[in-house]
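Structure, as structure tokens:
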Amino acid sequence: MRHLAIWAICAIGLLGSAGVEAQPTAEAPIRIKIVGGLADVSQYVRYEEPFWRRRLPEVSGNRIQAEIAPFDRSGIRAQEMLALMRLGVVPFGTALLAVVSADEPEFNAVDLPTVNPDMAALRRTVSLYRPHLEAVLADRYDVELLAVYTYPAQVLFCRNAFAGLSDLAGRRIRTSSVGQSEMFAALGATPVVIPFGETLAAMRSGVVECAVTGTLSANAIGLHEITTHMHGMAVTWGLSVFGANRAAWNALPDWARAMIRQELAGLERQIWEAAEVETGEGIACNSGQPACATGRRGTMTVVPVTAADQQRRLRLLTETVLPGWVRRCGEPCVDAWNMRLAPELGVTARPD
């Protein structure tokens with residue numbers, strides 16, 4: 001907490017002490033400061049940054065002006081995003097659920113490994129769990145949920161051939177979360193948690209033989225050039241929530257809040273549609289298909305999702321992933337899962 005308090009004092013100078021000028025005049029529009037998602041990826045470059053810098057000023061007649069910076073270039077530790085939003089140091093911010101779930105595992109129910117093997121499943125799960133996310137953010141962090149974003153599917157890439165989930169025992173696999181690590185350990189593999197920026201180097205040096213990462217982001221960093229096979233099933237997706245400190249949000253006039261909500265709904269739709277397109281685009285580019293339009297064409301083999309993979313996925317969810325999450329999360333999470341997700345998914349969480 002001492003580290004967080006020191007950072008907060010420094011960050012006030014970076015982000016502005018209030019983050020919002022809520023009483024615009026003819027000469028002074030509302031100015032808001034936003035901490036966005038990951039730098040240099042499509043979601044930020046194509047959608048988030050243009051939305052805040054151009055779209056919102058345009059539709060508001062320049063009555064709202066915004067500054068945005070990606071969180072990984074703002075000096076902010078991703079693990080502290082929600083705490084900084086609660087303090088008001090970050091008035092409008094983006095939190096990666098897989099990261100903040102280290103402290104609040106309840107958030108990650110919606111994107112646990114094996115829960116959402118495709119986009120249709122992800123849309124359904126998020127729709128069911130969103131009201132709970134909204135309530136938890138409000139009650140524990142005084143944060144108003146304004147949008148939920150997703151990155152393209154994260155799938156498995158390997159340097160050597162594999163036939164499916166049952167063919168991974170003994171391999172060292174780059175993972176990015178506790179849940180992913182538990183999943184691959186249950187398959188007999190050795191998980192190694194490595195930041196995304198170090199994935200390519202780890203693969204080249206032989207630290208790992210396989211890696212879980214996004215289909216198109218893997219192409220962007222050249223992973224398709226040193227791996228030969230990729231699986232067609234999404235392990236996770238990489239969800240994030242965008243919200244506002246409630247004091248900063250309520251300081252805005254009614255018309256501004258209504259406009260921001262309406263425009264953010266459009267931005268959220270664009271990001272989800274792009275994530276679905278880019279998932280397919282990444283697969284097409286990595287495997288050298290003619291449909292590849294934005295990435296670099298590779299020669300990878302796409303390992304199809306078999307009936308055996310689907311059966312193993314459900315076993316992993318019921319026997320490993322969900323019980324592991326319950327151990328980290330506790331009885332309130334059991335209730336949240338069983339109320340929101342169990343009726344649709346057909347998988348019941350049980351107390352540890």
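- Here His132 pairs with Tyr129 under the ring-ring contact (aromatic ring centres under 6.0 Å, His included) rule; sequence neighbours left out.
- Arg328 places no side-chain N or O within 3.5 Å of a backbone atom of Pro105 that could act as its donor or acceptor partner.
- Under the 3.5 Å distance criterion, with hydrogens and angles disregarded, a donor-acceptor pair is assigned to the side chains of Ser181 and Thr175.
- Taking the six-membered ring for Trp and thresholds of 30 and 60 degrees, His229 and Phe162 have ring planes inclined between 30 and 60 degrees apart.
- Put simply, the side chain of Asp111 gets close to the backbone of Trp237: a donor and an acceptor are under 3.5 Å apart.
- With hydrogens and angles ignored, the 3.5 Å screen pairs a side-chain donor or acceptor of Ser101 with a backbone N or O of Ala98.
- Arg313 contributes no side-chain N or O that, together with a main-chain N or O of Pro117, makes up a donor-acceptor pair within less than 3.5 Å.
- A single hydrophobic cluster is seen to contain both Val110 and Val100, as judged by linkage of ILVMFWY side chains at heavy-atom distances under 4.5 Å, directly or through other members.
- Of the N and O atoms on the side chains of Thr125 and Asn116, at least one donor lies less than 3.5 Å from an acceptor on the other residue.
- The closest donor-acceptor contact from the side chain of Arg172 to the backbone of Val207 lies under 3.5 Å.
- For the residue pair Gln154 and Thr236, a side-chain donor N or O sits within less than 3.5 Å of a side-chain acceptor on the partner.
- Judged as a side chain to side chain contact (heavy atoms under 4.5 Å, CB included), and not counting sequence neighbours, Gln311 has no contacts.
- In terms of modelled atom types and a separation under 3.5 Å, the side chain of Asp309 and the main chain of Val305 share no donor-acceptor contact.
- Under the ring pair (Phe, Tyr, Trp, His ring centres under 6.0 Å) test applied with Phe242, the options Tyr44, Phe51, Tyr47, Trp52 reduce to a single match, Trp52.
- Judged by distance alone, with hydrogens and angles left aside, the side-chain atoms of Asn219 form a donor-acceptor pair with the main-chain N or O of Arg296 at under 3.5 Å.
- Partners of Trp337 under the ring-ring contact (aromatic ring centres under 6.0 Å, His included) rule, at least two apart in sequence or in another chain, are Trp325.
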Start with the C-alpha gap between Arg246 and Glu144, add the side-chain angles, then the distance that decides, and say whether salt bridge (charged side-chain N to carboxylate O under 4.0 Å, His left out) holds. CA-CA 6 Å; Arg246 277 189 156 181; Glu144 185 83 12; 3.2 Å; yes

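- A donor-acceptor contact shorter than 3.5 Å is absent between the side chain of Arg174 and the backbone of Met203.
- No side-chain donor-acceptor contact under 3.5 Å links Gln43 and Glu278.
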Before you tell me yes or no, could you show the steps for Ile173 and Val208 under side-chain contact (heavy atoms from CB on, under 4.5 Å), namely the whole-Å CA-CA distance, both residues' side-chain angles and the distance that decides it to 0.1 Å? CA-CA 5 Å; Ile173 300 178; Val208 292; over 6 Å; no

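- Of the possible polar contacts, one joining the Asn245 side chain to the Met85 backbone as a donor-acceptor pair under 3.5 Å is found.
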